[in-house]
Amino acid sequence: MKYTVFLLFCFSLGFSQSPYPQDYFRSPLDVNVILSGTFAELRSNHFHSGLDIKTQQRTGLKVYAAAQGYVSRIKVSHYGYGKALYITHPNGYVSVYAHLSKFSPRIETYIKKCQYDKESYEVEVFPSPDELPISNDQVVAFSGNSGSSGGPHLHFEIRDNEERPINPLLFGLDVKDSKAPMLSGVFAYPKNKKSHVNQIKKREELRLIPQKNGDYTVEPIEAYGDIGFGIVSYDQLDFASNKNGLSNIQSFYNGNKTFEIDFKRFSFDESKHINRFIDYEIFKEKRSRIQKLFVQSGNTLSMLKDIDANGYIKVEDSTNTVYKVRLRDFKGNETWLSIPIKGKPAKEILEAPELKPNTYIIASQVNELEQDNVSVYFPKQTFYEDFHIDFSVLNDTLTLHKNTVPLMKSYTIKFDISNYTDADKDKLFIANLYGYYQKPSYISTKRLGNMLTARTKSLGTFTLARDTVNPTIQPVNFQDGKWVSKLEELKVKIEDDLSGISNYRATINGKWILMEYDYKKDILTYDFDDNVITETENNLKIIVTDNIGNSTTFESTFFRK
């Protein structure tokens with residue numbers, strides 16, 4: 001009990017001496033702050049870099065500047081953050097607002113001029129400090145669902161002067177959270193062949209036993225040697241059902257700390273190491289994220305601290321010990337896991353030799369593989385560790401292991417297409433085969449003579465695919481030759497079944513117009529408030545091109561007063 005009270009005291013002391021200003025930033029919305037996503041939450045290939053604030057399932061809520069400053073960056077893209085705004089503040093921090101529906105009128109006018117000047121929906125600009133100054137409590141945008149957002153919300157970040165995202169809750173923003181973190185899985189990891197857990201020398205799931213006080217334990221285990229542990233956990237906030245990330249995880253062995261990860265701040269460069277922090281194989285096969293409470297080679301996350309023996313514990317013969325894990329959310333609610341361990345050497349079991357592929361990857365050096373018309377180039381440090389890779393080629397299909405091994409960087413695949421006709425060569429691309437039905441998914445492919453090249457950051461099955469079908473274009477809210485005076489927007493649906501949309505261009509009476517592309521709905525939208533139209537009779541022309549170069553042209557006449 002004294003041990004627990006001391007830890008709580010240390011936590012309270014550290015929290016009260018926060019180095020971050022507590023009354024500087026306001027909430028970017030006027031609604032109650034209810035989160036659908038927390039800082040450093042585990043996401044695919046990255047840690048979440050901000051807070052996802054619920055907007056009552058609506059778009060168009062006023063977004064306020066968190067503090068005075070100036071707009072230092074505006075980025076508009078089809079994917080990712082969608083419409084995003086960056087404000088630099090006098091204290092050196094930068095606040096970020098993403099997935100917006102539109103900007104405030106002054107900023108909207110500024111960015112639309114840039115878009116029309118560049119004749120591109122996707123733009124990124126860096127205004128000077130005197131171009132778009134921002135005062136306290138100023139409305140700078142309206143919430144939305146643009147980019148890769150899965151639903152209406154505001155993504156909000158605070159970054160330091162080195163562009164490192166920091167948990168915005170550290171600056172005094174408040175959320176209601178009275179619930180302790182939850183555990184849904186716990187796993188043991190023998191480090192090597194000399195170690196075991198319950199006579200098993202591979203990853204072993206342990207049966208969780210909930211306690212009446214909200215903590216957890218497991219059935220006592222027998223173990224020996226160097227052992228690591230992993231957990232599946234989440235936190236839920238008040239007024240929300242989302243399964244969010246934790247703020248801090250610590251582990252202790254016989255009272256001594258062995259591991260800690262503190263989700264306060266990270267850099268974008270290191271975010272990729274999330275695939276080393278979690279059990280990547282289990283994630284790809286079962287979509288479950290086991291957080292490993294031990295550190296393997298290449299895991300250089302700055303959020304790790306106080307790591308003893310890389311987080312592994314050493315279990316000796318004839319000992320009775322306890323391994324504990326503390327899970328904590330930002331509000332200080334915590335849950336404990338206790339794992340009773342009895343030290344017992346492994347029984348001598350004759351094991352059949354494990355059959356492995358002949359091809360061996362050495363992570364510290366360049367690795368080049370080649371068979372038939374396919375070659376693969378792995379730069380140094382593509383992988384975290386050496387391993388046997390499954391590599392084979394059959395009928396223009398490359399098998400490159402299962403996508404269960406995490407990578408640190410992209411590698412190159414090349415297909416020689418000399419044996420194809422000239423007509424076919426123009427329509428070929430490299431595709432990743434995914435899912436139960438092994439559907440082809442386009443990978444950005446370049447052609448130089450008879451060689452197709454693609455770069456990717458995941459293993460799997462790849463093949464040559466052919467796309468000969470043009471994109472389709474269909475008007476949504478208007479008809480050819482009709483009046484549209486009552487419409488505020490023109491909407492057009494564009495689709496491509498195989499390689500996907502690469503680009504589009506739209507004009508009215510020969511003048512380029514800005515059409516926003518919502519790839520989630522396959523919709524292009526033109527806003528008549530752009531005031532491009534000066535005639536009663538107007539000719540709309542849209543050209544859509546897919547990633548292989550197949551193109552479709554749509555033309556329609558409409559009338560408007």
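For reference, positions follow the sequence shown, starting with 1.
The distance from the CG atom of Asn244 to the OG atom of Ser233 is 11.5 Å, given to the nearest 0.5 Å. Taken to the nearest 0.5 Å, the CD1 atom of Ile53 stands 9.0 Å off from the OG atom of Ser36. Considering CZ of Phe47 and OG of Ser271, their distance stands at 6.0 Å, rounded to 0.5 Å. For the atom pair Leu29 CG and Ile34 CD1, the distance stands at 11.0 Å (nearest 0.5 Å).
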Report the C-alpha separation of Phe330 and Thr38 in whole Å, then their side-chain angles, then the decisive distance to 0.1 Å, and conclude whether the side-chain contact (heavy atoms from CB on, under 4.5 Å) test is met. CA-CA 10 Å; Phe330 185 81; Thr38 53; over 6 Å; no
Could you walk me through whether Leu400 and Ile389 pass the side-chain contact (heavy atoms from CB on, under 4.5 Å) check? CA-CA 7 Å; Leu400 203 55; Ile389 191 170; 4.0 Å; yes
Where do His153 and Ser143 land on the side chain to side chain donor-acceptor pair (under 3.5 Å) test, with the steps shown first? CA-CA 7 Å; His153 73 279; Ser143 68; over 6 Å; no
Please determine whether side chain to side chain donor-acceptor pair (under 3.5 Å) holds for the pair Thr321 and Tyr253, giving the CA-CA distance in whole Å, both sets of side-chain angles, and the decisive distance to 0.1 Å. CA-CA 8 Å; Thr321 54; Tyr253 188 50; 2.8 Å; yes
Take Leu293 and Tyr312 through the test side-chain contact (heavy atoms from CB on, under 4.5 Å) and record every step on the way to the result. CA-CA 8 Å; Leu293 310 184; Tyr312 290 96; over 6 Å; no
Determine, stepwise, if the pair Lys402 / Glu281 fulfils salt bridge (Lys or Arg N to Asp or Glu O under 4.0 Å). CA-CA 9 Å; Lys402 291 193 299 182; Glu281 180 180 19; 5.3 Å; no
Using the side-chain contact (heavy atoms from CB on, under 4.5 Å) rule, take Lys380 and Met408 through it: C-alpha gap first, then chi angles, then the decisive distance, then the call. CA-CA 10 Å; Lys380 293 180 181 178; Met408 284 190 279; over 6 Å; no
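Between Phe171 and Tyr93, the ring planes are perpendicular. Angles over 60° get that label, and only those under 30° would be called parallel. Aromatic ring orientation, Phe277 versus Phe263: perpendicular (interplanar angle above 60°, classes split at 30° and 60°).
With respect to Asp52 and Arg43, a salt bridge is recorded, a charged nitrogen being found less than 4.0 Å from a carboxylate O. Here Asp262 pairs with Lys264 in a salt bridge; the nearest charged N to carboxylate O distance falls below 4.0 Å. No salt bridge links Glu122 with Lys75; every basic N to acidic carboxylate O contact stays at or beyond 4.0 Å. Using a 4.0 Å cut-off between charged side-chain N and carboxylate O, Lys257 and Asp308 make no salt bridge.
Tyr216 and Ser338 form no side-chain donor-acceptor contact under 3.5 Å, judged by distance and modelled atom types alone. In this structure, a donor-acceptor pair under 3.5 Å is present between the side chains of Asp279 and Tyr189. Judged purely by distance below 3.5 Å, without hydrogens or angles, the side chains of Asn242 and Lys54 pair a donor atom with an acceptor atom. A side-chain donor from one of Asn248 and Glu260 sits under 3.5 Å from a side-chain acceptor of the other. For the residue pair Tyr384/His273, the side-chain donor-acceptor check at 3.5 Å is satisfied.
For NZ of Lys356, the number of neighbouring non-hydrogen atoms (other residues, nucleotides, ligands) closer than 6.0 Å is 12 at most. The number of heavy atoms from other shown groups lying within 6.0 Å of CG (Asp174) is above 12. Applying the 6.0 Å contact sphere to CG of Asn358 captures no more than 12 heavy atoms from other residues, nucleotides or ligands. Dense packing is recorded around CG of Asn91, with more than 12 heavy atoms of other residues, nucleotides or ligands lying under 6.0 Å away. The environment of Lys342 atom NZ is sparse: at most 12 non-hydrogen atoms of other residues, nucleotides or ligands sit within 6.0 angstrom. With a 6.0 Å radius and a threshold of 12 heavy atoms from other residues, nucleotides or ligands, Lys446 has its NZ atom at or below the threshold.
For residues 357-381, the ring pair (Phe, Tyr, Trp, His ring centres under 6.0 Å) pairs, not counting sequence neighbours, are Tyr360-His388, Phe378-Phe383, Phe378-Tyr411. Here salt bridge (charged side-chain N to carboxylate O under 4.0 Å, His left out) pairs that include residues 77-100, with residues two or more places apart or in two chains, are Lys83-Glu516. Annotation: salt bridge (charged side-chain N to carboxylate O under 4.0 Å, His left out) contacts involving residues 208-224, sequence neighbours excluded, comprise Arg207-Glu219, Glu222-Lys344.
In this structure Lys520 satisfies the side-chain contact (heavy atoms from CB on, under 4.5 Å) test together with Asn145, Asp518, sequence neighbours excluded. A search for side chain to side chain donor-acceptor pair (under 3.5 Å) contacts involving Thr258 returns Ser251, not counting sequence neighbours. Listed by chain and residue number, Val186, Leu206, Val218, Ile221, Phe229, Tyr323, Leu337, Ile341 satisfy the side-chain contact (heavy atoms from CB on, under 4.5 Å) test with Ile339 (two or more places apart in sequence, or in another chain). A search for side-chain contact (heavy atoms from CB on, under 4.5 Å) contacts involving Asn45 returns Asn275, not counting sequence neighbours. Evaluation of the side-chain contact (heavy atoms from CB on, under 4.5 Å) rule for Ser49 yields Tyr81, His155, Glu157, Pro165, Phe266, Phe268 as partners, not counting sequence neighbours. Scored by the side chain to side chain donor-acceptor pair (under 3.5 Å) test, Asp390 finds no partners at all (sequence neighbours excluded). When the side chain to side chain donor-acceptor pair (under 3.5 Å) test is applied to Ser302, the partners found at least two apart in sequence or on another chain are Glu270. Ser178 meets the side chain to side chain donor-acceptor pair (under 3.5 Å) test with Asp238; sequence neighbours excluded. Annotation: ring-ring contact (aromatic ring centres under 6.0 Å, His included) contacts of Phe187 (sequence neighbours excluded): none.
Note that Arg287 lies in the cation-pi zone of Phe283, set by a 6.0 Å cut-off to the ring centre and a 45° limit from the axis.
Between Phe294 and Phe259, the ring centre distance reaches or exceeds 6.0 Å.
Contact annotation: the side chain of Thr412 approaches that of Lys414 to within less than 4.5 Å [non-hydrogen atoms, C-beta and beyond].
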